[in-house]
There are 2 protein chains.
Amino acid sequence: MTEFAVHHVPTRRRAGRPPQALLSSARITKAALKLVSHHGYKGLTMAALAKSLNVAPSALYNHVSSKQDVLLLVEDHLMGRVEVCAFATEPWDAAVAKWARSYRDVFAAHLPLIPVIALLPVTNAPATVTMYEAVTQGFLAAGWARESIIDAVVALESFIYGSAYDVNAPEDIFDVGSLASEAPDFSAAVAHRGNPDAAAAIPRNDADAAFTLGLQAMIAGLAATAGPRK
Amino acid sequence: MTEFAVHHVPTRRRAGRPPQALLSSARITKAALKLVSHHGYKGLTMAALAKSLNVAPSALYNHVSSKQDVLLLVEDHLMGRVEVCAFATEPWDAAVAKWARSYRDVFAAHLPLIPVIALLPVTNAPATVTMYEAVTQGFLAAGWARESIIDAVVALESFIYGSAYDVNAPEDIFDVGSLASEAPDFSAAVAHRGNPDAAAAIPRNDADAAFTLGLQAMIAGLAATAGPRK
DNA sequence: TAATCTAAATGAACGACATTCATTTAGTGA
DNA sequence: TCACTAAATGAATGTCGTTCATTTAGATTA
């Protein structure tokens with residue numbers, strides 16, 4: 001490349017601490033999110049992240065201790081997009097439904113984060129804690145006993161994570177192929193999923209149908225089993 | 001082990017097709033399972049798998065097309081361990097509960113397979129298809145309408161996958177650390193999870209409690225919403 | 001003010017790991 | 001008998017996360 005040409009060549013920065021810090025947790029998070037939205041999680045590599053920030057890969061390690069750490073930053077940022085406002089305005093069951101759906105929608109677009117959320121402590125994840133606080137308050141306001149809330153929330157979250165995967169399942173996930181003859185009842189159930197008639201080709205979002213069914217069932221069941229005494 | 005040398009010298013095999021095939025899908029599956037049970041999924045590398053089969057890594061690619069393929073083999077094998085026998089002998093809700101619990105237990109020990117199960121078509125996964133057939137028959141026998149079964153099973157599976165993650169969550173996953181002051185209600189709910197008294201230190205499996213609660217809720221809810229007309 | 005410490009960058013290097021390819025050898029079918 | 005295919009070896013490749021010595025600049029302290 002040209003070194004010190006007249007036209008603004010991407011000036012090669014020399015080694016050493018720059019006058020102005022180039023990186024920060026916030027900048028790394030933002031760049032990671034942009035990278036993911038453009039190229040998916042396979043495009044989120046430490047090298048690509050560094051490049052998008054115009055920095056050497058090793059520079060990232062002054063601000064995060066590992067790639068997992070980057071994922072945690074992204075996860076916590078996304079938790080802020082989960083809608084909890086309904087807990088302040090709507091009845092418990094409607095609020096839970098709204099919260100659960102937005103939760104699922106956010107992470108259906110970020111599947112690789114699910115192991116991170118499900119397995120890492122919430123310490124140092126402020127947005128995540130804020131989300132849980134709002135949900136807890138919603139349960140308390142509806143009359144739930146303190147000791148039952150976390151179990152109920154965990155049960156709901158388990159369903160939400162699994163449903164986020166299901167959103168990304170291919171349409172033909174239940175195609176039995178050559179094994180059809182050995183699973184006639186299952187094949188028939190798959191063929192008639194959602195409509196009793198013969199294959200009438202009704203447009204239908206299978207993942208949404210299963211999610212709605214399961215969510216309604218769990219909300220009703222939780223209210224009956226562990227909800228507030230009437 | 002020893003060929004026909006007196007002292008078991010690891011006889012170096014020369015290149016070329018051996019008189020007896022060394023590999024097969026079944027042998028690869030078995031070796032992968034043994035590797036995983038001894039060293040976990042981080043120990044399941046193509047190199048380690050090849051070594052455990054006393055073969056060069058590249059030899060594996062004559063039998064599987066990728067590591068994903070190996071995971072699929074393992075997944076289908078494990079599906080055979082999911083208990084479906086209760087569908088033939090017990091009432092629907094008890095059978096579903098038994099099936100769900102064994103399903104969760106099997107894959108809680110094999111978390112990295114969950115994306116594989118949740119996202120890959122069941123074609124060429126005979127044990128998986130067999131499992132679904134038994135479950136479908138159980139629903140039909142209980143009077144479920146053909147068109148509702150798959151949605152209900154998918155909803156249950158979503159909950160099961162999420163619950164499998166929860167089994168592996170660390171105890172302190174809800175430790176808010178320094179953020180406690182900003183989430184008082186949530187912190188209190190975490191502290192009193194499972195028992196109304198002050199921290200009485202009752203021995204308790206949190207993951208099991210949440211699973212049982214959610215499972216009962218969903219089973220009851222599904223029966224009421226989409227189950228057979230009485 | 002000078003010396004020291006720490007923060008934040010570069011760039012080279014490393015070690016896993018999955019995968020590919022040329023090559024070799026042994027059965028199989030025409 | 002001859003071509004073809006199946007199944008192995010071994011070398012090589014490319015991607016990726018991570019580490020480390022080094023450099024520079026700001027912050028702290030004597």
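What you are looking at is a predicted structure, and each value in this text was computed from that prediction instead of being measured. In what follows, chains are A, B, ... by sequence order, proteins preceding strands, each numbered from 1.
Rounded to a whole Å, the CE atom of B:M46 is 10 Å from the P atom of C:dT20. C:dT10 atom C1' lies 12 Å from atom CG of A:L60, rounded to whole Å. One atom, CG of B:N54, and another, C1' of D:dG10, lie 15 Å apart when rounded to the nearest Å. Across the protein-nucleic acid pair, A:Q68 atom CD and D:dC16 atom C1' stand 15 Å apart, rounded to whole Å. Across the protein-nucleic acid pair, A:K67 atom NZ and D:dC16 atom P stand 8 Å apart, rounded to whole Å. Rounded to whole angstrom, the span from the OH atom of A:Y61 across to the P atom of C:dG11 amounts to 17 Å. Here the C1' atom of nucleotide C:dT19 and the CG atom of B:D69 are 13 Å apart, to the nearest Å.
Closest contact between the side chain of A:A56 and the listed nucleotides D:dG10, C:dG11, C:dT19 involves C:dG11. The side chain of B:P57 has C:dT19 as its nearest neighbour among C:dT19, D:dA25, D:dA8. Across C:dA18, D:dT9, D:dG17, the shortest atom-to-atom separation from the side chain of A:T45 is found for D:dG17.
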Item to check | Working for side-chain contact (heavy atoms from CB on, under 4.5 Å), residues A:D69 and A:S66 | outcome: CA-CA 5 Å; A:D69 233 35; A:S66 65; 3.9 Å; yes

Checklist entry - B:D76 and B:L72: side-chain contact (heavy atoms from CB on, under 4.5 Å), yes or no, with the steps? => result CA-CA 6 Å; B:D76 192 52; B:L72 189 60; 5.8 Å; no

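With values rounded to the nearest 0.5 angstrom, A:F107 atom CZ is found 5.0 Å from A:L78 atom CG. Separating the CG atom in A:N62 from the CZ atom in A:R17 is a distance of 10.5 Å, to the nearest 0.5 Å.
In terms of position on DNA chain C, the residue among B:R14 and B:S66 whose nearest nucleotide sits closer to the 5' end is B:S66.
In this structure, A:Y161 has its ring center no closer than 6.0 Å to that of A:Y165.
Regarding contacts with the backbone of C:dA7, every side-chain N or O of A:H63 stays at 4.0 angstrom or more from both OP1 and OP2. Using a 4.0 Å cut-off, no side-chain N or O of A:R13 falls inside it from OP1 or OP2 of C:dA9.
The environment of A:N124 atom CG is sparse: at most 12 non-hydrogen atoms of other residues, nucleotides or ligands sit within 6.0 angstrom.
Less than 4.0 Å separates DNA chain C from at least one heavy atom of each of the following residues of residues 17-42 of chain A: A:R17, A:P18, A:A21, A:L22, A:L23.
Pairing analysis of DNA chain D (Watson-Crick: purine N1 to pyrimidine N3 plus N6-O4 or O6-N4; G-U wobble: N1-O2 and O6-N3; both under 3.5 Å) yields stems of 3 or more pairs at C:1-30 with D:1-30.
Side chain A:N62 to base C:dA7: no donor-acceptor pair is found below 3.5 Å.
Looking only at distances, a side-chain donor or acceptor of B:S102 sits under 3.5 Å from a matching main-chain atom of B:E83.
Every pair passing salt bridge (Lys or Arg N to Asp or Glu O under 4.0 Å) that includes a residue from residues 96-125 of chain B is listed here, sequence neighbours excluded: B:E90-B:K98, B:R104-B:D208.
The aromatic rings of A:Y132 and B:F186 sit parallel, their planes meeting at an angle under 30°, below the 60° perpendicular limit.
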